[in-house]
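Below is one structure; the comments refer to it alone.
In what follows, chains are A, B, ... by sequence order, proteins preceding strands, each numbered from 1. The basis for the numbers below is simple: all heavy atoms, side chains too, and nothing from hydrogens, waters or symmetry mates.
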Amino acid sequence: MPEGNIIHRVARVHGRWLSGRRFTADSPQGRFEDGARGVSGRVLQAVEAHGKHLFYRFEGEVRLHVHLGLFGNIRHFRSEAPAPSPACRLRLSSPHATLHLSGPQACELLTAEDEATLRARLGEDPLRAESSLERAREKLCRGRMPLALALLDQERLSGVGNILRAEALFLARLPPLLPAGALSEADFARLWDVLQRLLSDASRDGHIVTPGAPRVPECVAGKKRAERFCVYGREGQPCPRCGAKVRRRELAARGLFFCAECQGVDAVPRPRVAKKKARAVQEKRRDARREVKKRTARSTAR
DNA sequence: TGCAGATGATGAG
DNA sequence: TCATCCTCTGCAG
């Protein structure tokens, strides 16, 4: 259930613990047997995160790409590992550490070229050192797509998920339905700053805690996850800033949480997205994805 | 204990 | 826009 912060944390921890170790690999679930054979017996050289994607580089230019999606889960064990669950897609084992990957959306071997193609498609990641505010603004702030949708588009900005979207827009006091192209330079700079802070704190701490959220100290380790947030999952509850009720609405089949008072939602008309243009963009992206898949299939066959 | 919903992405229509 | 993949969590009973 990860957003970019968790992925970066995983990359950091795995890079520290697992790099330099030689792993045997298998697929208890059986759906990644060929890939596991390709990795097995190799030394892990580096682990990198880009947005919500993980890239494991093994000796011999073998690259493992993992995307956890909504359901994916990755567990690591420094001491003796338990038996893997039947859903375990990939198990990486060494005498010092074991990793169990289950339910990923993507678990595949890529060539260097495939990886470069995939990464070229991703937007700026606020947690990556080489990310640039100007490039991020250029990619995010175009067109009439509502800001809340644009933030989840990983080709515009990578690593932001539904929680971060809601919390960042709240902290930056931005209306979620504002057309991305209408965002001013100053507003974008504020949003970028908020995203960087939220992501880096969450990557360090292991969970997102929004500054100003109600009853933060008591709930961090507890079950009431929504109380770590200002608006996400708090529909009908008072906004911690102004006391107005937090609202929820569906946007592209995802729940969007916001405070209409603080974020000036009612002042912004709902944008009309140019359907024909959006469809053309979607088709272009689909073609690009197919091309990567084809190349992956060809390289696996080799 | 069982079930609905979810921190994503993709393909079909 | 909707269905699908797939697993886990939180809540109701």
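- Of the P atoms belonging to B/dG2 and C/dC5, the separation is 23 Å, rounded to the nearest Å.
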Dot-bracket summary - DNA chain B, pairs being Watson-Crick or G-U whose distances fall under 3.5 Å, with | when paired to another strand: ||||||.|||||.
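- Looking at heavy-atom distances under 4.0 Å, A/Arg248 makes contact with sugar-phosphate atoms alone, never a base.
- Picking from B/dA9, B/dA6, C/dC8 the nucleotide with the shortest atom distance to the side chain of A/Leu70 gives B/dA6.
- When the side chains of ILVMFWY residues are joined at heavy-atom separations under 4.5 Å, either directly or via intervening members, A/Leu152 and A/Phe188 end up in two distinct hydrophobic clusters.
- The nearest whole Å value for the distance from the CD1 atom in A/Ile163 to the P atom in B/dA6 is 12 Å.
- Of the candidate nucleotides B/dT10, C/dC8, B/dA9, B/dA9 has the atom nearest to the side chain of A/Lys52.
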side-chain contact (heavy atoms from CB on, under 4.5 Å) assessment of A/Leu169 paired with A/Leu191: CA-CA 7 Å; A/Leu169 287 174; A/Leu191 178 61; 4.3 Å; yes
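- Side-chain proximity of A/Gln154 to C/dC8, B/dA9, C/dC5: nearest is B/dA9.
- With rounding to whole Å, A/Leu68 atom CG is found 11 Å from B/dA9 atom P.
- Rounded to whole Å, the distance from CD on A/Gln105 to P on C/dT7 is 13 Å.
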Identify each donor-acceptor pair in which a side-chain atom of residues 95-106 of chain A lies under 3.5 Å from a protein atom, sequence neighbours left out, and give them as a table.
unit_1  : atom_1 : unit_2  : atom_2 : d
A/His96 : ND1    : A/Arg21 : NH1    : 3.3

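- Look at NE2 on A/His67: it is 17 Å from P on C/dT7, rounded to the nearest Å.
- If you take CZ on A/Arg22 and OG on A/Ser93, they are separated by 14.5 Å, rounding to the nearest 0.5 Å.
- Interatomic distance, A/Glu3 CD to A/Asn162 CG, rounded to the nearest 0.5 Å: 7.0 Å.
- Ring planes of A/His67 and A/His65: perpendicular class, angle over 60° (limits at 30 and 60°).
- Following rounding to the nearest Å, A/Arg165 (CZ) and B/dA6 (P) show an atom-to-atom distance of 12 Å.
- To the nearest angstrom, P of C/dC5 lies 13 Å from CZ of A/Arg89.
- Between A/Gln29 and the phosphate of C/dT7, there is a side-chain N or O to OP1/OP2 separation shorter than 4.0 Å.
- One interatomic measurement links the two molecules: CG of A/Leu101 to P of C/dT7, which rounds to 10 Å at whole-angstrom precision.
- As rounded to whole Å, 13 Å separates atom C1' of B/dT10 from atom CD of A/Glu108.
- Within 6.0 Å of the CD atom in A/Glu185, the count of heavy atoms belonging to other residues, nucleotides or ligands does not exceed 12.
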